[in-house]
Structure formats: C-alpha cells, structure tokens
Amino acid sequence: MANQAATSTPAWREFPRTVLRGVGQVMFQDSMWTGLLFFIGIFWGAYAEGFGIVAWGALVGVIVSTLTGYLLKLPDDNGAQGLWGFNGVLVGCAFPTFMGNTIWMWLALILCAAMTTWVRTGLNNIFGKWGVSSFTFPFVLCTWFFLLAARTMHGMPPAFESTPAFPTETVGHLDLAFGSLVIYWLKGVGQVFLINNWVTGICFLIGLALCSWRASLWAAIASAVSLFTAIVWQAPATDVANGLYGFSAVLTGIALGATFCRSNDWRTWIWALLGIVATVFIQAAMNVAFAPLGIATLTGPFCIGTWLFLIPGYKMFAPKQA
C-alpha cells in the first residue's frame, strides 16, 4: 500500500523513511521500524564478526539505489514503499563480504546498487505477465556479474570469494546439542543479509514481528524446517552451522506463507512448507553448480523456489501483486 504522506511531504523529508522501508522490504515489510531493527541487526552482527564494513556497505547500497529511483523518476508509490532500495542494500552487504576493500570496489558497489533499481523495473515488466515479482533477482543477477568480473578486474579483488573447484563429498561433524541448534536456526535468519550472527537473527525476527507476526512466524518456521532438512539429508556441516541453508528458505517461507498467499488455511501451510523444503534442495543444487565458478548463489534459490511455487498456485491462492 502506497505511503499517502509521500504525496504531500517533500521528498527530502521522506527520504530517511523511504531508505528504512527499503531495508524492511528485503523481507517484504513496508515498515521503517522493521527496517531500523534490520539495520541494528546488520550493524551488530557485522561488527561482532569483525566485518563492520559490511554494515556501511549496506547503508551506501540502499541510499544509492533509492536515490536512483528518484533520479529516474520511477513511480512514486514504489519509492514510498521502499521498493527502490531493497536490492541495493543486499548489494551493499555482498560486495564487502566477498571482495577486498578498495576504492574501486566501492565505486563498483555504487554502480551495481544503482543498476538494481532500473533492472528491477525491467524484470518486473517481464515477470508481471505471470503475476509475480522479480523479488531479489535484480540484486542476484547484477551481483553475479560483478563477482565474476572480480576474477579478472583486480581493482576489486575477490579476496573472500571461494576458490573455484568442483565440490567434494564432505559432510563433517555437526554439533547437535540444543543450544547449538538454536544458534544455527537464528543464523539462518541473519544470513538473509549475509550476516553470520545469531543475535542478528533475533533482531530480524523482532523487526518482522513489529510489522507482521505472520511474517515473523514464517521466518522462524522456515529457518527451523530448512535446518531440519539440511541435517536429515546430511548437507555439509560447516554450511549448516553458518545458516547457509536457511536464508533463502526464510525468504521463501515469508513469501509463500505470509505475503503472496492471502488465505491462511491448511492448503497455504502445506504449500509454503513444500516450498521451503524445495528451496533447500535448490540451494544445494545451485551450490554444486556454482562451485566451479567460485561465486555464491546469493538469494537465487529463494527466487527460483518461490517462482516455481507461486506461478502454478496463482489462481488457487490469489496472491497479492508485488
């Protein structure tokens, strides 16, 4: 729902709220307070893990992508809801996570964050024909280009990207104590913004609850279900412990369970749970496919999983338009 105040309030006064809404929209929440809690979680987790630069990248990314929407004079309702900013904030998290801290990396971050704003508009023109959104795919697509380019453009060194290699059959030992499982579960939520910290996960769940208890519930359920699925099918222990099988499933759970499927009956629950489990397998498959490239799947598994479940279920569940 568009922010009516944006039509009567100068853009510069609405800008901080628009930026915060952009952060909240990563998990489909049109709320500045949710966005603020998300930012608190990002800054806490980034500094706790010794990568404070990731938090500042997130801030730069969401500001740049939001400003781009204003400069391009895109539809005001999109801006008021923060829809110009959510891909940009993820770009801002990803670049410092995977690449070295150089001036050229920051310039590339600014370019990529800006690109996501008009790429989102273009992709929505295509996906709108099937009644679905491009979700975070503008972030995924644009960031993939830059992560691959970093392999040959040394001004943005791939300092923290994986070494390209075919995957090996390693499972490893996973601590299954209750306290450890809770930490893995919370990290699955925190990794939505590429933050490997369980306190961040708590901040995100609280931020979701401020706007939508259903979204918070489904985020918690999705992280738990994805964790259970990854453990039962013996995914690599390190990835499971770091929440890397949870973040895409969390977004799928919020999308199917609390955002686009209006009904709250047993069919929605089954459909959403199936989507969450399927996303875990899509994540595993994409991990294998991308290992020889040495780049992360980002939220690609969420996009693919949610598209596969929303498009055929469109009439059955009458989802809201993105």
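Quick caveat, the model's predicted, so the values are computed rather than measured. Residues take their numbers from the sequence shown, with the count starting at 1.
Under the 3.5 Å distance criterion, the side-chain polar atoms of S226 are left unmatched by any main-chain donor or acceptor of V280. For W271 (side chain) and F309 (main-chain N/O), a donor-acceptor pair under 3.5 Å exists by modelled atom type. Distance alone, capped at 3.5 Å, places no donor-acceptor pair between the T152 side chain and the A149 backbone. Side chain of T279 to main chain of A249: no donor-acceptor pair is present (N/O by atom type, distance under 3.5 Å, no hydrogens or angles). A donor-acceptor contact shorter than 3.5 Å is absent between the side chain of N124 and the backbone of S133.
At least one side-chain heavy atom of L205 sits under 4.5 Å from a side-chain heavy atom of L186. F38 is listed as a side-chain neighbour of M27, based on a closest heavy-atom distance under 4.5 Å. Side-chain contact between L208 and W218 is absent, with no heavy-atom pair separated by less than 4.5 Å. Residues R21 and Q81 have side chains not in contact (no heavy-atom distance under 4.5 Å, counting atoms from C-beta outward). Residues P164 and F290 have side chains not in contact (no heavy-atom distance under 4.5 Å, counting atoms from C-beta outward). You'll find the side chain of T306 stays beyond 4.5 Å of the side chain of L251, heavy atoms only. Side-chain contact between S212 and Q29: present, with at least one pair of heavy atoms (C-beta onward) separated by less than 4.5 Å. Within the 4.5 Å cutoff, the side chain of N101 has heavy atoms near those of the W106 side chain.
Of all heavy-atom pairs between S180 and D175, the closest is OG-OD2, 2.8 Å. Residues L210 and T34 share a closest heavy-atom pair of CB-OG1, 4.3 Å. Closest of all the heavy-atom pairs between T102 and M156 is OG1-CA, 4.2 Å. When all heavy atoms are compared, the tightest approach of A58 to V89 is O-CG2, 3.5 Å. Among all heavy-atom pairs drawn from G300 and V140, the shortest one is N-CG2, 3.7 Å. Summarising the geometry of I295 relative to E161, their closest heavy-atom pair is CG2-OE1, 3.3 Å, with the distance given to 0.1 Å.
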task: Applying side chain to side chain contact (heavy atoms under 4.5 Å, CB included), run through F51 and F160 and close with a yes or a no.
output: CA-CA 12 Å; F51 277 88; F160 308 109; 3.9 Å; yes
**OP:** I would like to know whether C112 and T143 meet side chain to side chain contact (heavy atoms under 4.5 Å, CB included); could you show each step before the answer?
**Re:** CA-CA 7 Å; C112 187; T143 303; 4.1 Å; yes
**OP:** Take L74 and W118, measure what side chain to side chain contact (heavy atoms under 4.5 Å, CB included) needs, and give me the verdict at the end.
**Re:** CA-CA 9 Å; L74 296 176; W118 65 76; 5.7 Å; no
Candidate pair I304 and M286, rule side chain to side chain contact (heavy atoms under 4.5 Å, CB included), full reasoning
CA-CA 10 Å; I304 294 173; M286 291 186 69; 3.8 Å; yes
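Here T116 contributes atom OG1 and F137 contributes atom CZ; the two are 13.0 Å apart, rounded to the nearest 0.5 Å. The CG atom of L148 sits 9.5 Å away from the CH2 atom of W144 when rounded to the nearest 0.5 Å. Of the inter-residue distances, the one linking L256 atom CG with I276 atom CD1 reads 7.5 Å to the nearest 0.5 angstrom. Annotation: the span from I195 atom CD1 to C203 atom SG amounts to 11.0 Å, rounded to 0.5 Å. Taking OG1 of T268 as the start and CG of L273 as the end, the distance is 10.5 Å to the nearest 0.5 Å. To the nearest 0.5 Å, atom CE of residue M115 and atom SG of residue C142 are 4.0 Å apart.
Outside the 6.0 Å centre-distance limit, the rings of F86 and F28 are not counted as a close aromatic pair. Taking the six-membered ring for Trp, W198 and Y184 have ring centres at least 6.0 Å apart. In this structure, F193 has its ring center under 6.0 Å from that of F204.
Only one option out of V225, I231, L227 pairs with T229 in a side-chain contact (heavy atoms from CB on, under 4.5 Å); it is V225.
In this model, no donor atom of one side chain and acceptor atom of the other lie less than 3.5 Å apart for T68 and T117. Side chains of E49 and N197: a donor-acceptor N/O pair is present below 3.5 angstrom, by distance only. When only modelled atom types and interatomic distance are considered, T299 and S248 share no side-chain donor-acceptor pair under 3.5 Å.
No path of Ile, Leu, Val, Met, Phe, Trp and Tyr side chains, each step under 4.5 Å between heavy atoms, connects W104 with F98, placing them in separate hydrophobic clusters. A continuous path of Ile, Leu, Val, Met, Phe, Trp and Tyr side chains, each step under 4.5 Å between heavy atoms, connects V119 with L83, placing both in one hydrophobic cluster. Y47 and V23 fall within the same hydrophobic cluster, where Ile, Leu, Val, Met, Phe, Trp and Tyr residues are linked whenever their side-chain heavy atoms come under 4.5 Å apart, directly or through other members. F247 and W185 fall within a single hydrophobic cluster, where Ile, Leu, Val, Met, Phe, Trp and Tyr are joined by side-chain heavy atoms under 4.5 Å apart, directly or via other members. Residues I110 and F145 fall within the same hydrophobic cluster, defined by Ile, Leu, Val, Met, Phe, Trp and Tyr side chains chained together at heavy-atom separations under 4.5 Å.
In this pair, F135 and W307 present their aromatic rings parallel. The plane angle is below 30°, not in the 30 to 60° band. The aromatic rings of F43 and F39 sit tilted relative to each other, their planes meeting at an angle between 30° and 60°. Using a 30° and 60° split on the angle between ring planes, F146 and F95 fall in the tilted class, from 30° to 60°.
Atom CH2 of W44 has 12 or fewer neighbouring heavy atoms from other residues, nucleotides or ligands inside a 6.0 Å radius.
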